Enquirer: 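Got a structure for you, questions after.
So that the names make sense, note that chain A is the first sequence line, chain B the second, and so on, each numbered from 1. Nothing here was measured: the structure is a model prediction, and the numbers come from that model.
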Number of protein chains: 2
Amino acid sequence: MPPTDAPRGRTGRPPVTSRADILVAARRLIDRDGWEKLTVRRLAAEMGIGATTLYHHVRDKEDLLLLLLNEYADRIPRPPAAGEPRERIVAGWVAIHDTLGAWPWAAEVLTVDGFLTGLGDSALVQVEAILAAAAEHGCSQEEAVDLFRNIWYFTVGEILVRARSGGARGADERRDGFLAGIDAAALPRLAAIGDRWPGLSARDTYPDAVRAFVDGLLAQAEGRS
Amino acid sequence: MPPTDAPRGRTGRPPVTSRADILVAARRLIDRDGWEKLTVRRLAAEMGIGATTLYHHVRDKEDLLLLLLNEYADRIPRPPAAGEPRERIVAGWVAIHDTLGAWPWAAEVLTVDGFLTGLGDSALVQVEAILAAAAEHGCSQEEAVDLFRNIWYFTVGEILVRARSGGARGADERRDGFLAGIDAAALPRLAAIGDRWPGLSARDTYPDAVRAFVDGLLAQAEGRS
DNA sequence: ACCTGAACACCGTTCAAGT
DNA sequence: ACCTGAACACCGTTCAAGT
C-alpha cells in the first residue's frame, strides 16, 4: 500500500515511509514501551519495513533523536516577557523542567548534544528569555551565561537522576538495605533519618530549589559589581 | 600459569583470575581506552580469559561497575570536621566534584544507582558530613536532605554534561553552526554573545556556583523558620 | 571449584543488488 | 528513487560440558 499522494511525474520505486512517519512511530514506541526500547531495528519492525530503509530518511540514530527532540521542544510554553526579571527566570526554568520531566529521555539526549547546539529556534527562544531577564536584572554577559549554564546543569541532573533511579533494577532492595546496615555511632545523622530518606527524596522540590539557586547566583553577581 | 599462592587442600580446577584482578584490568582499560570501551567481552579478551569466566567473579556488568566505583569512592578526601558549617558544605562538595570530575564515568554510573544506595561507607561519610554541617547551621532534617539532594543533582549534571559534550561526535561543527545562523532581531542577547559562548561555557565555575547554591538554599531555610 | 565455547537474543550500520 | 536482505562488527548473558 503506497502513500495516498504518490508523487506524480517521478521515476523509481515508490516510498513506503517518510521522515514524518518515522518520527510518529518513534514517539508511539517510546510512549508505549519506554525510551530504552527505541532501537532502529525495533522501530522498523514496528513499522513493517526493513531496518535499513530508515537510513534513507535519517542520517543515523542520533539524528533521529535530535529530530524527535526538536519537535518536542516546541511544546515548552513561551516564557512571559513581562514582570520582575527574577520571577521570569524562575518561571522559565520551571517551564523547561516540567516539559523535560514529562519526557525524561529528552534530558538523556540533551546531555550529549546540549540545549543550544542540539535544538532549534524554539529552544533558543527560552535561552534568550533567560539571558534577557538576567541582563535586565543587571548581570554582565558572563554572569548571564553562567546563570544559564549552572541552572541547566542542575535541571538536567535532577531529571536524569530521578528518571533513572525510578526504574532501576533492584533499586528497592538496595534502598531497604542501606538504612538497615548503618552504623549509628559513626553516621548519626544518616541513622536518624533512616527510613525517612526515600520519602524525603521523593518530594518535588524543584521550584523552591531553582528559586534558591537563582537568588544565590544573582546575589553573588551583585556582590561582585 | 596458576596464581602464585594456589589454595592448598582444595579440589577442582585452579582459578585463572580473581575479582581483584578483574577490577585492576577494568581500571586499566578505562584509563587507556575510555569508559565506553569497557565491555565484558573486551575486558576478558584483554585479560586473556573467556568472557563467561567473568561471571564467576562478578554478578553482572552493573555489579562490576559498582565494585569499581566503591574502590574509587575511597579517594574522596575526608571532609574537614572543623570550621564554619557553610564553608564545610562548600568544601565537601568541591571535593566530591573534583574526584568525580577526574573519573567522569563514575557520575554516569551514579545517576542510575545513587550516591547512597550505590556506594559504601566511604561515600556515606561524605553525606554525613554535609548533613551534620547543615544541621549545625540550623537546618531541619528535611532541609538538610533537600540541600544534599539538590546539590547532588547540580553536581552530577555538571559532570555529565561536561563529560559528554566534550567528546561528542560532530560537536564542533554544530557549535560553529549555531552562532552563524542566529537571527539577531529575534534573539539579540544570543546574537550579541555569538562566538563568545563556547569560551564562556568552557570556564570552570563550579566552586562559585555551589557557594551560590548553598547560600541560596540556606537563606531560604532561614526565611522559613 | 573453576573455566570454557557455543548459543541466544539482541545492537547500529554499510552496501550491493533488486524494483 | 527508493527499498531490501545479507553481512559486519559488535553487545550482555546463560548453560551444558569439560578439567
Enquirer: According to a strict under-4.0 Å criterion, is B:R59 in side-chain N/O contact with OP1 or OP2 of D:dT13?
Expert: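 For D:dT13, neither OP1 nor OP2 has a side-chain N or O of B:R59 closer than 4.0 Å.
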
Enquirer: Would one find a side-chain N or O of A:H57 under 4.0 angstrom from OP1 or OP2 of D:dC3?
Expert: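 Answer yes for this pair, as a side-chain N or O of A:H57 is under 4.0 Å from OP1 or OP2.
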
Enquirer: Which atom pairs, one a donor and one an acceptor, fall under 3.5 Å between side chains of residues 91-100 of chain A and the rest of the protein, sequence neighbours left out?
Expert:
from, atom 1, to, atom 2, distance (Å)
A:H97, NE2, A:E158, OE1, 2.7
A:T99, OG1, A:A95, O, 2.8

Enquirer: Taking OH from B:Y55 and P from C:dA7, how many angstroms apart are they, rounded to a whole number?
Expert: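 Value for this atom pair: 19 Å.
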
Enquirer: Could you state the CG-P distance from B:L64 to D:dC11, rounded to the nearest angstrom?
Expert: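 B:L64 atom CG is separated from D:dC11 atom P by 14 Å.
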
Enquirer: Is a side-chain N or O of A:D21 found less than 3.5 angstrom from the main chain of A:T17, in a donor-acceptor match?
Expert: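 No.
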
Enquirer: Relative to each other, are the rings of A:F148 and A:W152 parallel, tilted or perpendicular (30° and 60° limits)?
Expert: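 Correct class here is parallel.
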
Enquirer: Can you measure B:E62 atom CD to D:dC11 atom P for me and round it to whole angstrom units?
Expert: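 These atoms are roughly 19 Å apart.
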
Enquirer: Decide salt bridge (Lys or Arg N to Asp or Glu O under 4.0 Å) for A:E71 and A:R27; before the verdict, give the C-alpha distance in whole Å, the side-chain angles of both, and the deciding distance to 0.1 Å.
Expert: CA-CA 10 Å; A:E71 244 185 15; A:R27 282 212 50 184; 5.4 Å; no

Enquirer: Is the shortest side-chain N/O distance from B:T53 to OP1 or OP2 of C:dT4 below 4.0 Å?
Expert: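 Answer is yes, contact under 4.0 Å.
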
Enquirer: Represent DNA chain D in dot-bracket notation, 5' to 3'. Only Watson-Crick or G-U wobble pairs with both distances under 3.5 Å count; pseudoknot-style crossings use [ ] and interstrand partners use |.
Expert: ||.|||||...|||||.||

Enquirer: Quick one: is D:dC11 close enough that its OP1 or OP2 comes under 4.0 Å of any side-chain N or O from B:T39?
Expert: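 Yes.
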
Enquirer: Quantified in whole Å, what is the C1' atom distance between nucleotide C:dA9 and nucleotide D:dC10?
Expert: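 To the nearest whole Å, 13 Å.
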
